[in-house]
Amino acid sequence: MDNSLCTPEILAAFGLPPQSDVSPLYGGHINDTFVAQSTAGSPRYTLQRINRFVFPSPEDITENMTGVTSFLREKIAARGGDPDRETLSVRPAADGKFLYIDKEGNPWRCLGYIENATSHETPETLAMLEEAGRAFGDFQCLLSGYPAHTLHEIIPNFHNTPARFAQLLEAVKNDKAGRAGEVGPELEFAYKREKACALLADLLEKGELPLRVTHNDTKMSNILLDDVTGKAVCVIDLDTVMPGLCAFDFGDSIRAGAATAAEDETDLSKVKFDLERYQAYARGFLSAAGDILTKRELETLPDGAILMTLEVGLRFLADYLNGDVYFRTARPSHNLDRARNQFRLVEEMEAAREEMGRVIQEMMG
Ligand code: GN1
Ligand code: MG
């Protein structure tokens, strides 16, 4: 990614002069993000080009985002917090709209840049994980009064694991990149877990779990930690805020946060599930959200960890078969490496399922 994407056209659309200082912010697999500042000392802004292939309805994202952040702002102000720092602020473009569509048809948005706080790719300490847990738990808790059903479903069936399984079958059938012959063991791994995929979807359908406002991409890097205190400041990346299950958010955090290696590590002997990290995250999460969760929700948190890991593994594998059209890749085997890695982590988590449940039970006393 280079700065040239963030052209004077984009700067002007958000009321910034063409000579503004622009630098890229790396991190996500999907959008392109830049920080812009008109002159030294003036406020900085985050400019994001939204990936219109992944997000065909950016207007819906904007509606979800403005709805949820204005609700959060009120809650944060009411408890004496700083709404400009503790949630994202969506800034209108010069024409008053929250989205600017550039000459090539790409949607852009502008957010206030949160100073003196940093997104960390991986949790380096248990304290960081606990903070991430607290922040996502707090997000869940603050939004428990928000009417989840009014949110747009940005990516239909995003965490519908059986639907993700079906997408993998479809990718095998089409074999667009001619790679299906290479992935026999990975497919066998996935096929063995077809039934398991339905666990959370079934409970939701039976009405045994409440539909909540969920973030749906709850990794460490989607939290900003204060540069001085190390405390969680703000939950970011609200693109996939949708109605969902608490176990999705908890589980997706554990997927990345309790793993001992990055999701694309190719030395699978390094990919372990770390119970101590799980405990640290759970402690933070439950300290903020424990009281609002039902008994049934608490019981499903470990299943969320297993299913979110399995699910993204299915997605990486399907994308490999489709010719790497969804996730950004840096090498031809990248998606396959990611799928293998996530499947290894699933095995590790399956072996630790009981312990994971016990940790939650003990914490909830
Ligand atoms: C994508 O773009 P990023 O890194 O925030 C993906 C998540 C996956 C994640 C895997 C909209 O998130 O669902 O868990 O990659 N987001 C979307 O690293 O598909
Ligand atoms: Mg994301």
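Whatever order the structure lists ligands and atoms in, that order sets their numbers, starting from 1.
Heavy atoms of other residues, nucleotides or ligands lying less than 6.0 angstrom from CD of Gln19 number more than 12. The neighbour count for Glu74 CD, taken as heavy atoms of other residues, nucleotides or ligands under 6.0 Å away, does not exceed 12.
One option in Arg338, Arg328, Lys219 has a heavy atom closer to atom 9 (C) of ligand 1 than any other, and that option is Lys219.
Looking at Tyr326 next to ligand 1, an N or O pair under 3.5 Å apart turns up. Where the criterion is an N or O separation shorter than 3.5 Å, residue side chain and backbone included, Asp217 meets it with respect to ligand 1. Residue contacts with ligand 1: Asn216 is placed with no nitrogen or oxygen under 3.5 Å of a nitrogen or oxygen of the ligand (distance criterion only). Checked against a 3.5 angstrom limit, the closest N/O atoms of Arg255 and ligand 1 fall inside it.
Tested against Ile223, the residues Asp237, Ile236, Val235 include a single side chain to side chain contact (heavy atoms under 4.5 Å, CB included) partner, Val235. A salt bridge (Lys or Arg N to Asp or Glu O under 4.0 Å) with Arg109 is found for one member of Asp32, Asp239, Asp102 and no other, namely Asp239.
Residue contacts with ligand 1 do not include Met308, since none of its heavy atoms lies under 4.0 Å from the ligand.
Taking every heavy atom of Arg315 and a limit of under 4.0 angstrom, the matching atoms of ligand 1 come to 7 (C), 13 (O), 17 (C), 19 (O). Of all atoms in ligand 1, numbered sequentially from 1 with element shown, those under 4.0 Å from a heavy atom of Thr240 are 11 (C). Within ligand 1, counting atoms from 1 as listed, the ones closer than 4.0 Å to a heavy atom of Phe55 are 11 (C). Residue Asp237 approaches ligand 1 through these ligand atoms, each under 4.0 Å from one of its heavy atoms: 5 (O).
With sequence neighbours excluded, no residue forms a salt bridge (charged side-chain N to carboxylate O under 4.0 Å, His left out) with Lys176.
Between Glu297 and Arg212, at least one side-chain nitrogen of the basic residue sits less than 4.0 Å from a carboxylate oxygen of the acidic one, meeting the salt-bridge criterion.
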(request) Applying side chain to side chain contact (heavy atoms under 4.5 Å, CB included), run through Gln342 and Phe316 and close with a yes or a no. (result) CA-CA 9 Å; Gln342 295 298 286; Phe316 287 142; 4.0 Å; yes

